[in-house]
Amino acid sequence: MKKILPISAASVTKKLFLSALSVACVVFISAGAHAQAVEGCSPQVLDAAQKKAQARVLYDVAVTEQIVVKPDSVLAMTCFNQAAGVSAERGGNLFSGSFIGNTNFASVITDALSAFFGQFADAEGLESTTVEYGNTTPDNNVDCPGIENLWERIKEKGIATEVPYLTMAELMDSAIPGGAGDRFTKNWEAGDTDGIFDDLQAAIAALPVPSIPDFSTDNTLCEVIARAGASVTCP
C-alpha cells in the first residue's frame, strides 16, 4: 500500500529554489560560452572565409543566370496581338461586323501587351529575336512561328559554352574571365563595382603567415621535434 507523505512548505520552497538556481546556472554558463571567442579560431581566417564565400556566391549567380535564361512570354510566343486581331476581324464579321479598327479596342490590347512584355527583358526569345515582342497592335494574321522559331533556337544552342571555370587566383582577380557570356559579364562587373574582389584580395593578404623552422641541419627525428619547439633532450 502506497503512503502519501506530508510535504511541508519549507520543503517545497527549497525545491523551487534549487530548480531556479539550476536554470540560472545553465543560462549563465551558456551566455558566457557564447560570449567568449572560440579558442584557436583566427579572426583573419574567418574573415577570409567569409569574403571567399561572397565571391563564390557571385560566381554561382553569374553561372546560373548565364545558363538558365528567363522563360519567354506565352502571349508573345502565341502572337496574342494577332489572335486579338483575327477575333476582331473574322469573329466580328460573324455578328455585327469587324471592330479591328476600333481605336478603344486597339489601345486596350496595345497598352496591355506593351506593359506585360516589358517584364521579359532577359527572355531567350527576346535576346535571340526568335520571338517577336514588338508586335502589340491587333493584326488579322494567322501566321505565328514564335514557338517553332524558339524551339529551333534552343536545339541549335546546345550546351552553354560561355561559362568559364575559375581557379582561386582567377576568382580573386577582378578582370572579366575569358569566354564569359553577356549575362555572366554583367554579374561579374556588378560584383567588381561592389568591391567583392578587392575585399577578398585584402582578406587573403591579411592572413597570418606561419613561421616554419629550418630543418635542413637536423639529422634525426628528435632534432626535428626539438626544432619545432617541443621540450625534448636529444642523445
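In what follows, residues are counted from 1 in the order of the sequence shown.
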Fill in: Salt-bridge contact Arg153-Glu124 (side-chain N to carboxylate O under 4.0 Å)
yes
Discussion item. Hydrophobic clustering (ILVMFWY, side-chain heavy atoms < 4.5 Å, transitive) - are Leu126 and Ile67 grouped together?
Written reply: no
Fill in: Derivation of the side chain to side chain contact (heavy atoms under 4.5 Å, CB included) call for Phe184 and Ile176
CA-CA 9 Å; Phe184 186 102; Ile176 299 174; 5.7 Å; no
Worksheet item: About how many Å separate OG1 of Thr103 and CZ of Phe105, when rounded to the nearest 0.5 Å?
Response: 11.5 Å
Worksheet item: So, are Glu189 and Lys186 salt-bridged, with charged N and O less than 4.0 Å apart?
Response: no
Worksheet item: Shared ILVMFWY cluster between Leu75 and Val69, side chains joined below 4.5 angstrom?
Response: no
Worksheet item: Would you say Ile212 and Leu207 are hydrophobically clustered, going by side-chain heavy atoms of ILVMFWY under 4.5 Å?
Response: no
Discussion item. For Asn104, give me all partners under side-chain hydrogen bond (donor to acceptor under 3.5 Å, both in side chains), at least two apart in sequence or on another chain.
Written reply: none
Worksheet item: Looking only at atom types and distance, does a side-chain atom of Gln82 sit under 3.5 Å from a main-chain N or O of Asn141, one as donor and one as acceptor?
Response: yes
Item to complete: Mind jotting down which residue pairs meet the ring pair (Phe, Tyr, Trp, His ring centres under 6.0 Å) criterion with at least one end in residues 196-235? Sequence neighbours excluded, please.
Response: Trp188-Phe197
Practice prompt. Grab the two heavy atoms, one from Leu200 and one from Ala48, that are nearest each other, plus how far apart they are.
Written response: CD1-O, 4.3 Å
Fill in: For Thr110, side-chain hydrogen bond (donor to acceptor under 3.5 Å, both in side chains) partners two or more places apart
none
Discussion item. Is there a side chain to side chain contact (heavy atoms under 4.5 Å, CB included) between Glu152 and Thr130? Walk through the geometry before answering.
Written reply: CA-CA 9 Å; Glu152 290 297 326; Thr130 53; over 6 Å; no
Worksheet entry | Heavy-atom closest contact (Val232 atom, Ala226 atom, distance) | CG2-CB, 3.7 Å
Item to complete: Locate the shortest heavy-atom distance separating Ser211 from Pro213; write the atom from each residue and the value.
Response: O-CD, 3.6 Å
Response to the item:
The complete set of side chain to side chain donor-acceptor pair (under 3.5 Å) pairs with one or both residues in residues 50-64, sequence neighbours excluded, reads Asp47-Lys51
Practice prompt. With sequence neighbours excluded, give me every disulfide bond (SG atoms under 2.5 Å apart) pair touching residues 206-235.
Written response: Cys222-Cys234
Worksheet entry | By side-chain hydrogen bond (donor to acceptor under 3.5 Å, both in side chains) - contacts of Asp198 (at least two apart) | none
Response to the item:
For residues 225-235, the side chain to side chain donor-acceptor pair (under 3.5 Å) pairs (sequence neighbours left out) are Thr217-Arg227, Asp218-Arg227
Worksheet item: Side chain of Asp194, backbone of Ile196: donor and acceptor closer than 3.5 Å?
Response: no
Item to complete: Would you confirm whether Glu89, through its side chain, and Phe99, through its main-chain N or O, come within 3.5 Å as a donor-acceptor pair?
Response: no
Worksheet item: For the hydrophobic clusters of this structure (ILVMFWY residues joined by side-chain heavy atoms under 4.5 Å, transitively), does one cluster hold both Leu113 and Val108?
Response: no
Worksheet item: When clusters are formed from ILVMFWY side-chain contacts under 4.5 Å, directly or step by step, what else is grouped with Val86?
Response: Val142
Response to the item:
To the nearest 0.5 Å, atom CG of Asp192 lies from atom CG of Leu58 at 9.5 Å
Worksheet item: Are any of the side-chain heavy atoms of Phe120 and Pro71 separated by less than 4.5 Å?
Response: no
Discussion item. Within this structure, what is the CG-CG distance for the pair Asp182 and Asp122, rounded to the nearest 0.5 Å?
Written reply: 11.0 Å
Going by atom type alone, with no hydrogens or angles, which donor-acceptor pairs under 3.5 Å involve a side-chain atom of residues 131-139 and a protein atom two or more places apart or on another chain?
from	atom 1	to	atom 2	distance (Å)
Glu132	OE2	Gly134	N	2.7
Tyr133	OH	Asp72	OD2	2.7
Tyr133	OH	Ser73	N	3.0

Discussion item. Please check: side-chain N/O of Asn187 versus main-chain N/O of Arg183, any donor-acceptor pairing under 3.5 Å?
Written reply: yes
Item to complete: Using the rule that two of Ile, Leu, Val, Met, Phe, Trp, Tyr join whenever any of their side-chain heavy atoms come within less than 4.5 Å, decide whether Val74 and Ile154 are in one cluster.
Response: yes
Worksheet entry | Closest heavy-atom pair and its distance - Leu166, Glu170 | CA-OE1, 3.3 Å
Item to complete: Given side chain to side chain contact (heavy atoms under 4.5 Å, CB included), test Thr220 with Val224 step by step and report yes or no.
Response: CA-CA 6 Å; Thr220 65; Val224 171; over 6 Å; no
Discussion item. Test question: given the 4.5 Å side-chain rule for I, L, V, M, F, W and Y, name all other residues clustered with Val61, or answer none.
Written reply: Val57
Practice prompt. Return the set of residues passing side-chain hydrogen bond (donor to acceptor under 3.5 Å, both in side chains) with Gln44 (not counting sequence neighbours), or none when no residue passes.
Written response: Ser42
Worksheet entry | Any Thr167 side-chain heavy atom under 4.5 Å of Leu171 side chain | no
Fill in: Residue pairs passing the disulfide bond (SG atoms under 2.5 Å apart) test where at least one lies in residues 50-152, sequence neighbours excluded
Cys79-Cys144
